[in-house]
Amino acid sequence: MKKLVLIDGHSILNRAFYGVPELSNSQGLHTNAVYGFLNIMFKILDEEAADYIAVAFDLSAPTFRHKAYAEYKGTRKSMPDELREQVPLIKDVLSSMNIPILTKEGYEADDIIGTIAKRYQSDDVFVSIISGDRDLLQLSDKHIKIRIPKTSKGVTTVHDYLPEDVVSEYGVTPKEFIDVKALMGDTSDNVPGVPSIGEKTATKIIQEYHSIENAIEHVSELKPPRASKALSENIEEAKFSKMLVTIVTDAPIDTDISDMAVGNLYTKESLEWINKLEFKSFLKRYENIEAAASIELDISDITDLNDWNTLYEKLKSAKEFGIAICLEESVIKSYTVSELYAISITLDNRTYLIKDIVEIDDILEQIICLDAKKYILSLKPLIKQVKDMKLAKSFYDLSVAAYLINPLKDSYFVEDIARDYMGSSVSSKSEIIGKSKLGEVLRFNDEKAKKYFASESHVALFASDSLIKKLNELELTKLYEDVEMPLIYSLAKMENTGVRVDEKRLKSYADTLLEKISKLEASITDKAGESFNINSPKQLGEILFGKLKLSGGKKTKTGYSTAADVLEKLAPEHEIIRDILEYRQLTKLNSTYATGLAGYIRDDGRIHGTFNQTITATGRISSTDPNLQNIPVRTEMGSKIRDIFVPKEGYVFVDADYSQIELRVLASMSGDEKLIESYHMATDIHAATAAKVFHVPLDEVTPELRRNAKAVNFGVVYGISAFGLSEDLSISRKEALDYINNYFKIYEGVKKFLDKQVADAKEKGYVKTMFGRIRPIPEIKSSNFMTRSFGDRVAMNSPIQGSAADIMKIAMIKVDEALNKSGYDADIVLQIHDELLVEVREDEADKVKELVEKSMREAVSLKVPLEVDAHIGKTWLEAK
DNA sequence: CGAATCACG
DNA sequence: ACGTACGTGATTCGG
């Protein structure tokens with residue numbers, strides 16, 4: 001017996017949309033409905049071993065049956081955008097699986113399904129109809145089963161309805177089910193039905209008379225009398241309703257069952273879709289065909305110098321090749337020390353694995369000097385292994401390229417690049433080796449590990465064309481070649497240099513903290529009357545709001561909020577609050593900074609952090625292991641930690657930071673004459689804003705007014721909203737709105753500029769910085785107010801924050817160049833977004849200070865001057 | 001592993 | 001009516 005599966009497309013997609021929690025791929029495409037649909041479909045196919053399959057969809061045009069028209073007017077129009085955008089998506093996916101999509105002008109999906117099901121059901125063909133719509137139960141028949149999937153708590157169960165199941169659940173046959181529905185009506189489908197007859201009465205009537213027509217014949221005998229009266233007065237409505245509810249089973253559908261034969265679902269095209277949508281859990285279904293879609297690797301081992309020399313000769317005349325390195329990593333305390341263990345090179349169609357050679361470092365030195373274009377997924381780790389990075393040339397870092405093309409992705413690993421730019425799949429590192437280290441596994445000559453490693457250089461070579469072409473299309477080539485690529489070398493150098501930390505001072509700082517902490521702990525325990533974990537917001541909340549009955553209600557999903565700003569307001573109510581705030585501050589300083597940083601100090605007495613170039617959405621760099629961009633400074637006790645950052649003996653720090661770079665960027669990008677004028681007059685910009693916005697002479701601006709103006713300036717940079725500003729200044733929304741309106745009245749150019757960013761984002765889906773860096777904003781098209789508003793603010797903020805980041809990147813490259821060229825003994829050791837910390841030999845400090853200031857100031861030329869503050873000091877705190 | 005908190009620009 | 005300021009990373013708790 002053959003099996004035919006018919007799926008009600010919109011119905012299942014709809015179910016899936018509401019049944020699966022929000023889900024989107026890294027491009028910001030919503031995918032939850034498609035995911036849920038495929039989940040249900042795969043589950044059914046696994047169970048049924050279908051021979052034939054088709055999916056029916058409604059067309060959006062009105063059909064003969066009124067119900068479809070209602071649906072078109074009602075349901076379809078209110079379909080959320082997040083669902084609407086997934087309709088073409090599921091159709092594409094189904095097509096890629098060779099699953100026919102059935103539609104028919106003037107008919108609904110129901111009618112198509114009804115027609116096909118009734119036409120082909122037989123002793124030889126059993127039909128399963130998959131739908132979330134119970135109206136289809138009327139189609140249930142000897143050889144037709146209606147299957148209704150239900151998803152709750154992530155588990156999908158399917159309810160099956162053969163005719164006897166319909167009878168036992170509804171008390172009527174599938175055919176009679178039509179009449180019951182018609183009598184009771186259905187508001188959601190605009191079926192009028194007969195007023196005052198509900199499910200109970202309708203079922204009773206049909207059980208007795210079997211059809212509306214027969215019931216009408218005997219209308220005077222109907223019980224209860226209420227129903228009799230209702231039906232006799234609504235005969236036309238009843239007949240009309242029946243027509244609406246009845247699914248057409250003889251529509252002119254010319255698709256033949258042979259067109260629906262199940263072929264290969266797991267095609268290369270469908271795998272590409274699954275990869276694009278990032279449905280990792282479906283990937284195992286593709287294992288059989290992985291060979292077709294995954295890359296082919298031809299691997300040779302290079303394990304002695306002879307073999308290497310042969311390869312080296314080939315590389316000398318090569319035009320291009322892909323390269324990857326494998327580091328052997330050992331973890332000491334919080335940090336990792338890496339040594340070069342293996343190199344993978346893909347030349348033409350062959351990949352060479354160079355490993356277990358003692359001269360591997362020398363080999364790398366030879367490689368970096370070659371003329372060929374060298375493609376690599378991540379250059380910085382390689383460059384960090386090289387003695388003289390100035391010798392390196394012709395490298396292309398492809399994760400940085402992919403980051404410029406779409407900075408919103410959360411990773412740019414080999415599997416991401418292969419999926420996005422080659423349309424093929426490779427296994428990820430964790431899939432191959434789990435948590436072990438590649439160097440260790442490779443040492444055992446593990447075949448899979450070798451394949452993974454080889455895939456890195458292979459993908460680098462074969463994805464390069466597509467990436468570089470895409471950079472060009474998006475006009476990102478200049479930013480890539482002139483800023484991001486050179487920056488890699490500056491960052492590599494900065495990481496290798498590291499920053500010195502005075503371990504002794506750190507220790508005594510920690511001791512001071514611990515002493516104060518234990519005193520506070522005792523005081524808090526005393527005041528609370530019991531000991532508890534102060535670090536647990538849950539326990540703290542119970543003590544404060546439960547036991548001590550302080551005012552303030554629930555704020556978070558999990559209970560009371562005990563955030564600092566909430567506690568601040570409670571300070572007058574109880575002495576304990578001050579202690580808790582101070583305790584919080586000091587334990588933070590201790591755990592994250594005092595204890596935290598200590599674990600990162602290496603044998604050379606320095607901390608070598610990592611500066612990431614492919615993390616932020618705006619183009620800033622980020623800092624990890626440890627984060628050196630959030631070292632305290634705003635509080636007295638916190639800023640003391642900066643005293644432990646010191647230069648080596650005989651050296652000093654030069655600290656240089658841009659003054660209000662974001663506002664200057666805004667002035668320049670918007671071209672606002674008033675704002676530009678303020679900067680040319682070199683006035684205090686916040687005071688100048690205050691004078692203009694609050695209509696007072698400059699010399700009458702009070703600190704209060706200046707503070708408010710400063711908040712407005714910040715607000716503008718963040719993507720202004722009255723709510724945010726009112727929160728920040730503790731004023732009413734109305735007052736905040738007045739400030740904003742005043743601001744925009746004065747700075748019309750700024751208003752125009754910000755509006756244009758939002759408009760551009762809505763039109764193109766992204767905004768750009770001064771230097772062409774792209775920030776996609778998928779949120780801006782959302783139907784959700786909150787999400788969309790966020791998109792608006794991001795559209796205003798990103799060009800500003802991003803341009804400032806571009807400028808700093810350019811400045812770093814220029815500072816590096818200037819230091820190199822001048823021959824001064826100085827190195828950049830930290831970058832904190834608008835600030836550079838440079839370590840310089842004492843006698844050259846003044847000269848280097850001037851040089852750094854000048855390089856930063858002249859990094860780019862804006863419509864307003866860039867101003868740089870620089871200071872010399874024996875510690876970071878002193879130099880700031 | 002997510003939420004809450006808090007450090008920075 | 002909705003309910004937020006923009007961008008990050010580390011630590012801690014608790015399910």
Side-chain angles (χ1 to χ4, degrees), chain A residues 334 407-408 532-541 555-567 580-581 583-597 599-600 609-612 615-635 637-639 641-642 657-662 666 711-729 733 736 740 757 767 775 777 779 783-802 804-805 808 830-836 880:
Chain A
S334 298
L408 298 187
F532 64 102
N533 188 346
I534 312 166
N535 286 321
S536 162
K538 197 179 156 202
Q539 291 181 38
L540 180 60
K555 213 188 116 188
T556 63
K557 295 160 205 161
T558 48
Y560 305 107
S561 168
T562 66
D565 57 335
V566 176
L567 296 189
I580 289 167
L581 286 167
Y583 174 89
R584 279 254 180 90
Q585 195 200 353
L586 298 185
T587 48
K588 174 91 176 182
L589 290 173
N590 181 53
S591 60
T592 307
Y593 301 103
T595 315
L597 289 178
Y600 287 98
T610 305
F611 290 89
N612 311 293
I615 299 285
T616 71
T618 52
R620 279 186 175 180
I621 59 177
S622 89
S623 164
T624 50
D625 307 306
N627 182 353
L628 294 168
Q629 290 180 322
N630 72 343
I631 304 299
V633 71
R634 291 174 187 171
T635 66
M637 193 61 203
S639 69
I641 191 82
R642 294 198 174 204
D657 72 292
Y658 280 114
S659 153
Q660 297 153 351
I661 187 168
E662 292 188 339
L666 174 63
V712 175
N713 279 333
F714 264 93
V716 169
V717 169
Y718 288 159
I720 195 105
S721 83
F723 185 90
L725 186 63
S726 70
E727 281 287 290
D728 190 53
L729 286 177
R733 285 246 293 272
I740 292 167
Q757 300 313 307
V767 289
R775 160 83 193 254
I777 309 180
E779 295 90 349
S783 59
N784 179 295
F785 172 84
M786 196 180 68
T787 311
R788 197 174 53 248
S789 305
F790 173 72
D792 291 351
R793 294 194 296 273
V794 165
M796 297 187 252
N797 171 266
S798 296
I800 304 172
Q801 187 182 126
M808 181 47 113
L830 295 179
Q831 187 257 39
I832 311 98
H833 309 306
D834 64 353
E835 170 188 359
L836 291 179
K880 176 90 185 171

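Letters go in sequence order (proteins before strands), and every chain restarts at 1. As a basis for the values below, the full set of heavy atoms in this structure was taken, side chains included, without hydrogen atoms, waters or symmetry mates.
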Decide whether [X] and [Y] meet the rule of one side-chain donor and one side-chain acceptor closer than 3.5 Å.
X: Q629(A); Y: S622(A); answer: no
X: N784(A); Y: T787(A); answer: yes
X: T610(A); Y: D625(A); answer: no

Could you tell me the separation between the [atom1] atom of [X] and the [atom2] atom of [N], rounded to a whole number of Å?
X: R642(A); N: dC8(B); atom1: CZ; atom2: P; value: 8 Å
X: D792(A); N: dA5(C); atom1: CG; atom2: P; value: 15 Å
X: L666(A); N: dC6(C); atom1: CG; atom2: C1'; value: 13 Å
X: I740(A); N: dA5(C); atom1: CD1; atom2: P; value: 14 Å
X: Q757(A); N: dC6(C); atom1: CD; atom2: C1'; value: 14 Å
X: N590(A); N: dT12(C); atom1: CG; atom2: P; value: 9 Å
X: L628(A); N: dG9(C); atom1: CG; atom2: P; value: 13 Å
X: I580(A); N: dA4(B); atom1: CD1; atom2: P; value: 19 Å

Between [N] and [X], is there an OP1 or OP2 to side-chain N/O distance shorter than 4.0 Å?
X: S536(A); N: dG14(C); result: yes
X: R620(A); N: dC6(C); result: no
X: T616(A); N: dT8(C); result: no
X: K538(A); N: dA3(B); result: no
X: R634(A); N: dC8(B); result: yes
X: N797(A); N: dG7(C); result: no
X: R793(A); N: dC6(C); result: yes
X: T587(A); N: dT12(C); result: no

Can you find a heavy atom in the side chain of [X] that is under 4.5 Å from one in the side chain of [Y]?
X: V566(A); Y: Y560(A); result: no
X: N612(A); Y: S623(A); result: no
X: N535(A); Y: T587(A); result: yes
X: I832(A); Y: L830(A); result: yes

Reckon [X] touches a base, only the sugar-phosphate, or nothing at all at heavy-atom distances under 4.0 Å?
X: D728(A); value: base
X: F790(A); value: sugar-phosphate
X: E835(A); value: nothing
X: N784(A); value: nothing
X: E727(A); value: nothing
X: L725(A); value: base
X: N630(A); value: base
X: A795(A); value: nothing
X: S561(A); value: sugar-phosphate
X: A564(A); value: sugar-phosphate
X: A617(A); value: sugar-phosphate

Legend entry - Paired nucleotide for dC2(C) [Watson-Crick or G-U wobble; both distances under 3.5 Å]: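 Across all strands, not a single nucleotide pairs with dC2(C).
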Legend entry - Pairing partner (Watson-Crick or G-U wobble, both distances under 3.5 angstrom) of dG9(C):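 Its partner is dC6(B).
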Inset, instruction - State whether the number of non-hydrogen atoms from other residues, nucleotides or ligands found under 6.0 Å of F532(A) atom CZ is greater than 12. - result: yes
Nearest listed nucleotide, side chain of [X], among [options]:
X: T624(A); options: dA7(B), dG9(C), dA5(C); value: dG9(C)
X: P537(A); options: dA10(C), dG7(C), dT5(B); value: dT5(B)
X: D625(A); options: dC13(C), dT8(C), dA10(C); value: dA10(C)
X: R584(A); options: dC6(B), dG3(C), dG7(C); value: dC6(B)
X: Q585(A); options: dG9(B), dA7(B), dG9(C); value: dA7(B)
X: P632(A); options: dG7(C), dA10(C), dC8(B); value: dC8(B)

Could you work out the separation of [N] and [M] based on their [atom1] atoms and round it to a whole Å?
N: dC2(C); M: dT5(B); atom1: C1'; value: 27 Å
N: dG3(C); M: dA4(B); atom1: P; value: 16 Å
N: dA3(B); M: dT4(C); atom1: P; value: 14 Å

Legend entry - Distance-only donor-acceptor test, R775(A) side-chain atoms vs dG7(C) base atoms, 3.5 Å: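 In this structure, the two groups form no donor-acceptor pair.
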Legend entry - 5′-ward residue of the pair Q801(A)/S789(A) relative to DNA chain C: S789(A)
